[in-house]
Number of protein chains: 2
Amino acid sequence: MSIHTPDRPRRRGRPPKHSARPYDEVRGELIQAGLAMLTEKGYSSVGIDEILRSVGVPKGSFYHYFKSKEEFGQELISAYGQYFARKLDRFLLDTAFTPLERIQRFVADAAEGMARYQFRRGCLIGNLGQEMSLLPESFRAQLQEVFNDWQSRTAACLKEAQTLGEISPQQDAEQLAEWFWTGWEGAVLRAKMEGSTQPLERFTQGFLHLLGQEKVL
Amino acid sequence: MSIHTPDRPRRRGRPPKHSARPYDEVRGELIQAGLAMLTEKGYSSVGIDEILRSVGVPKGSFYHYFKSKEEFGQELISAYGQYFARKLDRFLLDTAFTPLERIQRFVADAAEGMARYQFRRGCLIGNLGQEMSLLPESFRAQLQEVFNDWQSRTAACLKEAQTLGEISPQQDAEQLAEWFWTGWEGAVLRAKMEGSTQPLERFTQGFLHLLGQEKVL
DNA sequence: GGAACAATTAGACCGGGTGTCTAGTTTATG
DNA sequence: CATAAACTAGACACCCGGTCTAATTGTTCC
């Protein structure tokens with residue numbers, strides 16, 4: 001339940017070689033904890049020490065692991081982007097299903113993920129986009145890149161659907177994918193608001209409908 | 001440009017009858033200023049005195065006008081809901097245009113509004129939905145109601161489109177409207193992120209496409 | 001053994017801010 | 001002229017923010 005052991009005794013100087021968690025492990029835990037908190041509350045409402053505390057790392061150590069909160073945020077964005085890219089691949093490249101089925105399976109998995117945290121956590125990228133006016137400008141381009149990445153993975157799947165004749169080859173797959181992600185973020189927002197997976201499902205249903213198929217989900 | 005005269009001299013006790021702005025006027029200005037700030041930064045990042053200061057009302061007076069920050073927030077939600085409902089009516093009931101044209105005109109107006117503030121301000125309801133996990137629970141139902149209201153106004157317009165034969169009468173107008181608003185919030189989010197009206201236009205184009213018409217915008 | 005270096009963090013810096021409320025001052029009312 | 005109504009100064013009692021220096025401890029290598 002808790003993210004880390006609450007407080008082991010803490011010594012001051014350099015830790016003995018074989019006792020301490022290695023640098024990269026601690027760094028990873030900080031990123032993990034940061035992701036959990038920022039997906040729930042966004043960037044500006046979460047303080048550094050809240051994250052540090054949850055991992056049992058003393059406040060003074062933050063700048064040993066990261067240059068600043070801004071840089072930390074940048075790493076979170078990229079970690080989240082990659083995490084989700086992997087998840088997308090897991091579903092969208094799964095040849096056991098048709099391309100459209102893969103999308104549905106991805107959506108179902110994401111919905112389950114939101115439910116697991118009582119709809120308190122959303123999409124980090126969406127959260128930050130919404131906060132944009134409070135954020136360091138350096139985040140803007142990075143957020144866009146993440147979306148672009150997700151979109152092109154989705155577009156590839158849609159193109160496959162086209163060559164397999166599952167959807168019409170006339171529509172621009174890239175644009176459909178952009179469009180999916182735009183709407184998806186809206187659906188995530190409403191899922192948080194309503195505390196229900198319904199918006200996610202309804203949106204997806206409509207999207208697949210747009211693709212030209214009738215019976216879905 | 002500035003919201004109010006910066007600081008007129010301020011006397012302490014009850015103001016003379018004909019000198020002071022009436023209670024309701026001040027209240028209205030506070031709500032106005034609150035809307036401007038919350039549409040930009042959300043609820044939790046905006047402090048009460050930031051709003052007070054911008055209107056030239058001393059901090060001590062807040063509880064003269066509102067019971068608490070929570071109640072103030074509730075009034076903002078309802079004011080924003082009504083403001084937008086009026087705007088929707090202005091466009092969606094304008095019989096000088098076809099129903100679908102009205103929707104396009106509404107979108108164009110909203111896009112212009114976002115551009116006017118350099119894409120820093122979004123939709124208050126969307127902002128708060130995103131923040132939900134940081135908000136008083138009392139906001140949840142209220143936010144949903146606002147969406148429902150907007151949706152039914154939109155649905156009415158879509159039904160008119162159906163009776164006029166502009167779109168197929170087979171689809172459920174209510175659901176299409178819900179779907180529009182879900183996607184719309186996503187598009188607003190991305191417009192903020194990209195600092196461009198493009199997401200708004202692209203999304204709308206796709207939506208109208210879904211309604212079955214080809215040439216749009 | 002002991003210098004030099006690497007790894008870690010205590011603790012404070014400095015400057016905010018939060019929402020709330022009481023006690024007070026001033027005008028209006030009857 | 002007492003009482004009531006309208007308004008606000010100023011503080012309460014917090015907790016927070018991100019950052020950085022100086023100190024402490026372990027390791028390495030002569």
Side-chain angles (χ1 to χ4, degrees), chain A residues 4 7-30 34 37-38 41-76 131 134-136 138-139, chain B residues 4 7-30 34 37-38 41-76 131 134-136 138-139:
Chain A
H4 203 73
D7 44 5
R8 94 204 75 96
R10 196 156 280 292
R11 324 193 30 206
R12 186 137 187 206
R14 175 174 187 162
K17 198 169 194 177
H18 299 293
S19 83
R21 294 178 285 181
Y23 179 87
D24 284 333
E25 191 184 309
V26 173
R27 222 167 175 281
E29 284 181 52
L30 286 172
M37 315 210 122
L38 295 228
K41 314 204 242 172
Y43 181 81
S44 15
S45 308
V46 176
I48 267 178
D49 35 349
E50 187 178 356
I51 296 164
L52 265 349
R53 242 180 296 118
S54 86
V55 179
V57 170
K59 187 173 180 187
S61 303
F62 182 76
Y63 290 83
H64 185 58
Y65 295 100
F66 301 96
K67 201 160 102 269
S68 65
K69 191 190 181 186
E70 175 167 355
E71 200 214 60
F72 181 58
Q74 287 165 357
E75 293 218 31
L76 290 184
E131 279 188 284
L134 302 166
L135 260 40
S138 72
F139 285 13
Chain B
H4 202 73
D7 44 5
R8 95 204 75 94
R10 197 157 280 292
R11 322 192 33 205
R12 184 135 189 210
R14 178 175 185 163
K17 198 170 194 180
H18 300 292
S19 83
R21 293 178 286 180
Y23 179 87
D24 284 333
E25 193 183 308
V26 174
R27 223 167 173 281
E29 284 181 53
L30 286 173
M37 316 209 122
L38 294 228
K41 314 204 243 172
Y43 180 81
S44 15
S45 309
V46 176
I48 267 177
D49 36 349
E50 186 178 358
I51 296 165
L52 265 348
R53 242 182 295 117
S54 88
V55 179
V57 170
K59 187 172 181 190
S61 302
F62 182 75
Y63 290 82
H64 186 57
Y65 296 100
F66 301 96
K67 202 159 104 270
S68 65
K69 192 189 181 189
E70 175 167 353
E71 200 214 60
F72 182 59
Q74 287 165 357
E75 293 218 31
L76 290 185
E131 279 188 284
L134 302 165
L135 260 40
S138 72
F139 286 12

By salt bridge (Lys or Arg N to Asp or Glu O under 4.0 Å) - contacts of K41(A) (at least two apart) =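 With neighbours one apart ignored, the set is E50(A).
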Among all residues two or more places apart in sequence or in another chain, which pass the salt bridge (Lys or Arg N to Asp or Glu O under 4.0 Å) test with E71(A)?
-> K67(A)
Euclidean distance, atom [atom1] of residue [X] to atom [atom2] of [N] [Å, nearest integer]:
X: F62(A); N: dT21(D); atom1: CZ; atom2: P; answer: 16 Å
X: L52(B); N: dG10(D); atom1: CG; atom2: P; answer: 15 Å
X: L134(A); N: dG17(C); atom1: CG; atom2: C1'; answer: 15 Å
X: I48(B); N: dA11(D); atom1: CD1; atom2: C1'; answer: 16 Å
X: D49(B); N: dC21(C); atom1: CG; atom2: P; answer: 16 Å
X: K67(B); N: dC21(C); atom1: NZ; atom2: C1'; answer: 15 Å
X: E71(B); N: dC21(C); atom1: CD; atom2: P; answer: 13 Å
X: K41(B); N: dT18(C); atom1: NZ; atom2: C1'; answer: 15 Å

Side chain of [X]: nearest nucleotide among [options]?
X: P58(A); options: dG19(C), dT9(C), dG18(D); result: dT9(C)
X: S61(A); options: dG18(D), dC7(D), dT8(C); result: dT8(C)
X: K59(B); options: dC7(D), dT20(C), dT9(C); result: dT20(C)
X: H64(B); options: dT8(D), dT8(C), dG19(C); result: dT8(D)
X: Y65(A); options: dT9(C), dG18(D), dG19(C); result: dT9(C)
X: Y63(B); options: dG19(C), dG18(D), dT19(D); result: dG19(C)

Determine yes or no for a side-chain-to-main-chain donor-acceptor pair under 3.5 angstrom, with E70(A) supplying the side chain and P136(A) the backbone.
->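 No.
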Between E131(A) and G42(A), is there a donor-acceptor pair closer than 3.5 Å when you use the side chain of the first and the backbone of the second?
-> no
K69(B) to F62(B) - nearest heavy-atom pair and separation |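 Smallest interatomic distance, heavy atoms only, reads N-CE2, 4.0 Å.
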